[in-house]
Amino acid sequence: MNVLKVLSAGILTLIQDLGRNRVAHLGLSTGGPLDIHAFCWANRLVGNHSNQPALEITMGAFSVEAYSDVVLSLTGANCSATIDGQRLESWRSFVLHKGQVLKLGYARQGFRAYLAIQGGFDIAPCFDSVATVVRNQMGGLLVRPGTSLKRDDWLAVNGDSAIPEPTYRPHFVVSRFIPNYDDEIEIGVIESYQANLFPDDAKKRFYASPYLVSDKLDRMGIRLSGEKIHCDSVGIISEGIALGSIQFPPNGQPIILTHDRQTLGGYPKLGCVSRMSLMRLAQARPGTKLNFYQAELDKESQAYFAFMRFFGL
Amino acid sequence: MEPRIVRLSETSLIIYLGEEIDTDLIQTLTSLSQAISSKFRHGIVDVIPSYTSVFVEFHPLRVTYQQINHWLNETLSRLDSLEHMIKPQQISLPVYYHPDVAPDLESLAKERGLTVEEVIQIHSQIEYTVCAIGFAPGFAFLASVDERIAMPRHAEPKSKVAKGSVGIAGRQTAVYPLETPGGWQVIGNCPMSLFTPEQSPMMPFNVGDLVRFGPISRDEFIALGGQL
């Protein structure tokens with residue numbers, strides 16, 4: 001059942017679930033939300049399981065009109081959302097009544113907002129996932145696979161959208177789970193891959209110098225600018241690339257590879273950004289300052305596994 | 001070299017089986033990839049064999065790194081006995097080798113001191129092994145190209161390489177399944193569709209398969225759906 005009509009799609013608004021598995025050997029990217037923390041909360045707030053399709057709205061500037069009463073939730077970047085002009089807090093669920101317009105302004109803190117609907121958006125999966133991967137021309141709306149939502153697109157809800165009770169009580173995320181999207185972040189690095197090809201002084205400089213998120217950032221990777229780091233190799237035999245890999249092309253400026261990355265690559269990699277840090281990195285806007293530190297694998301694993309258990313991943 | 005297991009992140013690891021590209025290694029990679037998937041099933045999220053390594057993304061609440069590592073150590077110590085579960089397919093692809101569809105064919109021939117006919121003959125006489133699939137969906141890296149027609153990539157990648165383009169980069173060759181930017185030396189065009197997401201399987205190749213190219217005429221190329 002069509003329940004929402006897109007009035008303004010913003011710069012890049014993609015339908016996502018947790019991503020496409022068991023296809024990387026075919027050269028297909030996983031996709032999925034860059035900020036899995038905000039995405040999972042959005043689904044949790046409306047009572048969905050974590051893999052339900054929801055929207056990833058990059059930089060905000062998005063609006064929809066309801067054609068039926070629906071329960072929605074909004075998390076992630078602060079986009080000064082309003083319902084018919086009335087201010088709406090983020091990190092909570094709410095009812096959008098038939099005829100009402102939900103409007104997001106440009107993101108003020110953070111970079112990506114997430115909009116979920118009770119029941120999940122009804123999208124036909126491709127390889128068991130609806131995740132939109134633009135560079136693979138796959139996922140999202142069936143009529144236009146692999147593309148951003150556009151003005152006048154319709155969004156349907158799964159099953160019979162249960163009409164919310166007049167007494168519907170919104171759910172909130174408690175404040176200690178709501179991150180601060182500051183302009184300076186600490187990023188944990190799990191050293192692996194070709195870490196031994198990086199001379200000690202190069203590593204020292206990497207951890208001691210701040211890097212800025214450049215304006216060359218997309219869902220494939222985030223290019224940084226700062227101290228140039230060179231290692232004892234310019235290229236390696238192409239190999240599988242893990243989520244969060246930090247690779248150094250010959251110009252010495254690091255690139256952090258994210259969900260829509262190529263599956264294979266031949267640049268030397270120092271290691272991977274920890275999963276918990278990646279969630280925070282997903283909200284970094286151009287100009288955000290990153291300070292890297294060497295993280296402990298065990299500690300990072302415990303934190304991430306606890307996160308997975310909490311959200312039933 | 002001794003196989004080496006490297007933990008990459010909270011949820012991934014890589015197994016290195018060699019240090020140099022060696023097509024003889026590929027069957028071992030595919031057998032190992034298959035064995036990991038069948039052993040741990042839902043514990044495994046993705047397995048990517050590529051040239052000398054096997055990348056594994058696992059689901060840490062269904063299988064632990066220690067379990068995989070333990071099994072790998074046992075399996076790697078008797079790699080020779082690893083059953084070759086998948087028989088490689090032999091795939092034959094038609095190629096129209098002509099400057100109309102191959103901007104680099106004549107320059108490559110000239111550079112290597114060969115005639116265009118010799119380049120075609122050398123490229124189409126070898127049976128290539130699919131060593132990896134990646135870069136773009138369905139993009140299969142094939143090795144090894146004869147030394148006599150090996151050429152490095154263009155220094156500056158082209159912003160547009162046509163769908164079906166057959167390219168050479170060093171001692172590798174490949175067919176571009178979709179139009180993408182790319183830097184390979186294009187010497188022909190294959191009119192067959194190599195990536196069809198609506199179909200199962202989506203693409204004709206698996207890592208380990210064997211591929212041959214067969215020269216076709218302009219008329220055959222057009223009859224097979226080729227675009228000039």
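Quick note: numbers below take in every heavy atom, side chains included, and nothing from hydrogens, waters or symmetry partners. Letters A, B, ... mirror the listed sequences (proteins, then strands); counts begin at 1.
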Fill in the blank from the handout: Checking B:Ile26, B:Asp22, B:Thr28 against B:Asp24 for side chain to side chain contact (heavy atoms under 4.5 Å, CB included), the one that qualifies is B:Asp22

Handout entry: Under-4.0 Å salt bridge between A:Arg144 and A:Asp153
Key = yes

Practice task
Using atom types as modelled and distance alone, determine if a side-chain donor or acceptor of B:Asp209 lies under 3.5 Å from a backbone N or O of B:Gln89.
Solution key: yes

Problem - Top of A:Arg135, A:Gln262, A:Glu239 for chain B proximity - count of heavy-atom pairs under 4.5 angstrom - result: A:Glu239

Handout entry: Side chains of A:Pro33 and A:Tyr114 in contact at under 4.5 Å (non-hydrogen atoms)
Key = yes

Fill in the blank from the handout: Cut-off 4.5 Å, heavy atoms of chain A, and the answer for B:Leu8 is both

Problem - Contacting region of B:Thr11 [heavy-atom separation from chain A under 4.5 Å] - result: side chain

Handout entry: Which atom of B:Val63 lies closest to which atom of B:Gly43, heavy atoms considered
Key = CG1-O, 3.4 Å

Problem - Heavy-atom contact with chain A under 4.5 Å, split by part of B:Val6 - result: side chain

Handout entry: Side-chain donor or acceptor of A:Ser50 paired with backbone N/O of A:Cys40 under 3.5 Å
Key = no

Exercise for the section: Determine whether B:Phe40 and B:Phe58 make a side-chain contact, defined as any pair of heavy atoms from C-beta on separated by less than 4.5 Å. Expected result: no

Problem - Residues from residues 64-77 of chain B approaching chain A under 4.5 Å (heavy atoms) - result: none

Handout entry: Residues of residues 175-195 of chain B within contact distance of chain A, non-hydrogen under 4.5 Å
Key = B:Leu178, B:Phe195

Practice task
Spell out the residues in residues 191-200 of chain A that have some non-hydrogen atom less than 4.5 Å away from a non-hydrogen atom of chain B, in order of number; otherwise answer 'none'.
Solution key: A:Ser192, A:Tyr193, A:Gln194

Handout entry: Toward chain B, the part of A:Met138 with a non-hydrogen atom under 4.5 Å
Key = side chain

Handout entry: chain A contact via B:Leu61 - which portion, at a heavy-atom distance below 4.5 Å
Key = side chain

Problem - Test ring pair (Phe, Tyr, Trp, His ring centres under 6.0 Å) applied to B:Phe55 and A:His25, step by step - result: CA-CA 10 Å; B:Phe55 168 90; A:His25 64 287; over 10 Å; no

Exercise for the section: Evaluate the side-chain proximity of A:Thr147 to A:Leu141: yes if any heavy-atom separation is below 4.5 Å, no if none is. Expected result: no

Problem - Among the listed options B:Phe139, B:Phe141, B:Phe205, B:Tyr16, the residue most often paired with chain A at heavy-atom distances under 4.5 Å - result: B:Tyr16

Problem - Check: A:Val133 main-chain N/O paired with A:Arg219 side-chain donor or acceptor under 3.5 Å - result: no

Exercise for the section: Measure distances from A:Arg261 to the heavy atoms of chain B and classify the residue's part below 4.5 Å as side chain, backbone, both or neither. Expected result: neither

Problem - Check: A:Asp260 and A:Val134 side chains under 4.5 Å, non-hydrogen atoms - result: no

Handout entry: Contacting region of B:Leu13 [heavy-atom separation from chain A under 4.5 Å]
Key = neither

Completion exercise
Taken to the nearest 0.5 Å, the spacing of A:Arg223 CZ from A:Ser225 OG works out to 11.5 Å

Practice task
For the pair A:Arg20 (side chain) and A:Gly31 (backbone), establish whether a donor and an acceptor sit closer than 3.5 Å, ignoring hydrogens and angles.
Solution key: no

Handout entry: Aromatic A:Phe310 / basic A:Arg44 pairing, under 6.0 angstrom, 45° off normal
Key = yes

Completion exercise
Sequence neighbours excluded, the answer for side-chain contact (heavy atoms from CB on, under 4.5 Å) partners of B:Thr52 is A:Ile237, B:Leu25

Practice task
May I ask you to check whether over 12 heavy atoms, not counting those of A:Lys203, lie within 6.0 Å of atom NZ?
Solution key: yes

Completion exercise
Most heavy-atom pairs under 4.5 Å with chain A, out of B:Pro201, B:Gly134, B:Ser12, belong to B:Gly134

Problem - Backbone N/O of A:Arg22 and side chain of B:Asp46: donor-acceptor pair under 3.5 Å - result: yes

Practice task
Name the option with the most non-hydrogen atom pairs under 4.5 Å to chain B; the candidates are A:Arg309, A:Glu300, A:Gln137, A:Arg275.
Solution key: A:Arg275

Problem - Taking every non-hydrogen atom, the tightest pair across A:Gly120 and A:Gln52 - result: CA-OE1, 3.6 Å

Problem - Side chains of B:Leu93 and B:Val166 in contact at under 4.5 Å (non-hydrogen atoms) - result: no

Handout entry: Interchain contact, A:Ser245 with chain B, by part (heavy-atom threshold 4.5 Å)
Key = neither

